Amino acid sequence: MAVELDDLGKTYDGGAGTVTALGGVTTSFGDGTFTAVMGPSGSGKSTLLHCAAGLETPTTGQVTIAGTRLRDLGETALTRLRRDRIGFVFQEFNLVSSLTAAQNVALPVRLAGRKADGSAVRSALAAVGLADRAGHRPRELSGGQQQRVAIARALFTRPAVLFADEPTGALDSRSSQQVMTLLRELVDGHGRTVVMVTHDPVAAAVADRVVLLVDGRIADELTGADAASVADRMTVLERSC
Ligand code: ADP
């Protein structure tokens with residue numbers, strides 16, 4: 001199992017009192033599966049993704065990535081696991097503007113003090129359809145191409161799972177379509193595991209499973225749903241909030 005979440009809870013203490021962002025989420029994401037996480041704004045989607053990726057510490061419950069419980073790891077081991085076993089892509093790509101696509105892909109490995117093999121970088125870019133863009137800087141690439149570089153970078157260490165936080169949120173519909181097609185191919189053709197937060201029913205329908213969060217809990221799940229049924233279910237859930 002790539003990711004297991006066991007009764008995951010997260011509360012934040014603020015001036016206005018305690019906010020429960022996650023109220024006990026238990027689910028798992030199998031190897032080679034593609035899951036979309038949806039829900040109204042404030043339902044806990046980002047918190048879920050950040051806790052699952054070891055970027056935030058849950059208040060209760062636990063996260064297991066490829067058999068390793070994050071709770072059992074010290075800071076150094078957690079940093080290493082995050083670097084090698086977890087890929088993360090963001091809405092805004094987060095590429096370094098002064099570096100080429102190839103240098104961006106190699107950067108995390110180089111920052112870890114290792115050498116990034118040139119042919120491995122080229123094949124990572126080829127896998128996202130950018131073999132001919134290795135020497136381009138982000139500003140010379142479209143938004144969709146930049147996101148594909150970010151995906152190549154996130155997958156470079158062959159992580160157990162790729163988490164994506166609204167990966168198409170900053171893209172037009174054509175680029176969104178290309179990024180979703182790529183993620184689908186990475187799952188189907190390369191056995192990758194993807195867990196993606198999205199607001200877009202069209203993007204969610206590309207996944208195998210849609211997990212719907214409301215008030216920090218799983219309210220429903222859809223399997224093999226088309227965009228219209230995802231949108232209908234979201235509308236019903238948002239009305240009931
Ligand atoms: P979503 O991604 O579905 O919009 P979030 O996970 O961002 O939801 O937030 C869930 C709840 O937790 C919201 O009520 C939000 O205001 C609260 N929250 C998230 N992060 C913090 C934080 N750092 N401090 C305080 N409250 C937070």
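Counting convention: from 1, in listed order, for ligands and their atoms alike. Here the structure is a predicted model, which is why all the values come from computation and not from measurement. Along the sequence shown, residues are numbered consecutively beginning with 1.
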Side-chain (Ser175) to main-chain (Asp172) donor-acceptor, under 3.5 angstrom: no

hydrophobic_cluster_shared for Ile218 and Val210, side chain cutoff 4.5 Å: no

Exceeds 12 heavy-atom contacts within 6.0 angstrom, atom CZ of Arg80: no

Looking only at heavy atoms of [X], does any of them come nearer than 4.0 Å to an atom of ligand 1?
X     : answer
Pro40 : yes
Gly14 : no
Gly42 : yes

Give the residue, atom name and distance (to 0.1 Å) of the protein heavy atom nearest [atom].
atom                    : value
atom 27 (C) of ligand 1 : Tyr12 CD1, 3.2 Å
atom 15 (C) of ligand 1 : Val19 CG1, 4.7 Å
atom 8 (O) of ligand 1  : Gly44 N, 3.1 Å
atom 12 (O) of ligand 1 : Ala21 CB, 3.3 Å
atom 3 (O) of ligand 1  : Lys45 NZ, 2.8 Å

Distance-only polar pair, side chains of Ser229 and Asp226, donor-acceptor under 3.5 Å: yes

Ligand 1 contact on Thr47 by region, counting heavy-atom pairs under 4.0 Å: both

Verify atom 6 (O) of ligand 1: protein non-hydrogen atom under 4.0 angstrom away: yes

Thr20, any N or O under 3.5 Å of ligand 1 N or O: no

